Amino acid sequence: MITDFISPHALRGQVAFITGGGSGINLAIGRALALLGANVGICGRTAERLDAGRKLIEAAGATVFTAVADVRDEIAVQDAVSACGEALGPIGFAVCGAAGNFVAPAEAISPKGFRTVVEIDLLGAFHAAHACFEQLRQTRGSLLFVSGGQSYVPFAYQAHVGAAKAGIDNLMANLALEWGRYGIRANSIVPGPIEGTEGMNRMGGADAAAIWKAMTPLGRMGKLEDVANVAAFLATPLASYISGARIAVDGGQNLTGSHVFNRAIGEALDASKGEAR
Ligand code: COA
């Protein structure tokens, strides 16, 4: 018998915590969760971004907690998670979304550059998941990781990001396996090319939109709400038996591989250096 239907109050009384929640996809997820009744904690590196994010999430109906915390700093993340729990109540949905990216040929990425992205994306996700564990155990809540298409197939000039995103998906699966016994679910969401995000700006921006559309079976860029709505679904009881899943919200983009992107971005990099390819 079907007993649970989506309700506009599906997350009433719930608390979400989102790393990198002051902008982009993570902010859109915060707004979607707020529309379903959740209160939302966000952390990020700059107070200005967090303040701007706070206003938008509040406008969607939530009480909002903010904390300046770089996900690379495990103590700062632990403090933010504890303070969020004290301010809003125990966290029931933790989104490990903070990410860093730049486009560069593998030979031009310094060890520090590689390490920086792995520290933000992968280590930062572990810091947040680990810090949220006790609260999630209390609420029998769930974790959502924001992965990337680079986790499925190699994208040229994204060696550092691919390593980090593949690590995130493996971490997600491991936590789903280990923490299921506490009633904690863990899943990844894999956004495709989402228009208007900093990530897209770093990967060619509006100039690359035609390329992305050409390599996406649905023939369009994704919208912030395409991703946020799936994230919100995963937070609700409607997803109560989904754990360990890597869910692509990419218009089918990864079905086609990355070859069109590789050629186009390579030509753009060469052109910016004035080199013939
Ligand atoms: N090509 C090659 N190396 C690069 C680079 C590029 N375009 N951009 C940064 N790096 C390297 C730096 O040179 C440095 O290494 P080095 O000291 O050996 O030269 C290393 O990366 C760290 O850079 P730094 O600017 O000191 O780090 P940061 O902590 O200030 O910034 C980044 C982190 C590099 C990930 C930055 O892009 C960022 O802040 N991103 C956050 C936002 C974002 O990327 N959003 C999109 C998410 S999809």
Side-chain angles (χ1 to χ4, degrees), residues 18-30 42-50 52-53 68-74 76-77 95-125 127-128 144-169 188-209 212 221-224 226-228 231 248-250 253-254 258 261-262 265-266 268-273 275:
I18 307 171
T19 65
S23 64
I25 287 171
N26 300 319
L27 172 57
I29 291 173
I42 55 175
C43 78
R45 283 189 291 176
T46 65
E48 295 73 27
R49 272 198 181 176
L50 293 172
V68 174
D70 185 324
V71 290
R72 289 171 284 192
D73 180 345
E74 65 193 89
V77 173
V95 181
C96 304
N101 195 357
F102 55 83
V103 171
E107 69 275 16
I109 303 173
S110 70
K112 184 182 165 198
F114 193 96
R115 188 165 58 240
T116 296
V117 168
V118 171
E119 280 181 349
I120 296 171
D121 290 27
L122 177 55
L123 212 59
H127 289 159
L144 179 66
F145 295 87
V146 180
S147 180
Q150 299 91 333
S151 171
Y152 291 83
V153 291
F155 275 67
Y157 317 112
Q158 291 281 275
H160 47 335
V161 178
K165 296 298 192 187
I168 283 175
D169 283 335
S188 295
I189 200 164
V190 185
I194 307 300
E195 61 193 0
T197 60
E198 187 171 346
M200 272 301 99
N201 289 340
R202 285 166 186 265
M203 295 181 73
D207 293 344
W212 286 111
M221 299 287 284
K223 300 179 192 313
L224 288 170
D226 289 326
V227 182
V249 187
D250 68 351
Q253 183 254 305
N254 273 290
S258 58
F261 170 86
N262 299 344
I265 202 80
L269 278 180
D270 287 349
S272 70
K273 285 187 281 181
E275 289 175 12

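The shown structure was predicted, so the numbers you read here are calculated from the model rather than taken from an experiment. Atoms within a ligand are numbered from 1 in the order they appear, just like the ligands themselves.
- When side chains are defined from C-beta on, N101 counts as touching H160, because their heavy atoms get closer than 4.5 Å.
- N26 has its side chain within reach of V146: a pair of non-hydrogen atoms, C-beta onward, lies under 4.5 Å apart.
- Ion pairing between R49 and E198 holds under the 4.0 Å rule for side-chain N and carboxylate O.
- When heavy-atom distances to ligand 1 are checked against 4.0 Å, the residues falling inside are R45, R72, A99, G100, N101, F102, A104, A108, S110, K112, G113, T116, I120, E198, G199, R202, ordered by chain and number.
- With rounding to the nearest 0.5 angstrom, the NZ atom of K165 is 7.0 Å from the CD atom of Q150.
- Judged as a side chain to side chain donor-acceptor pair (under 3.5 Å), and not counting sequence neighbours, E48 has no contacts.
- The shortest non-hydrogen separation linking A104 to I109 is O-CD1, 3.7 Å.
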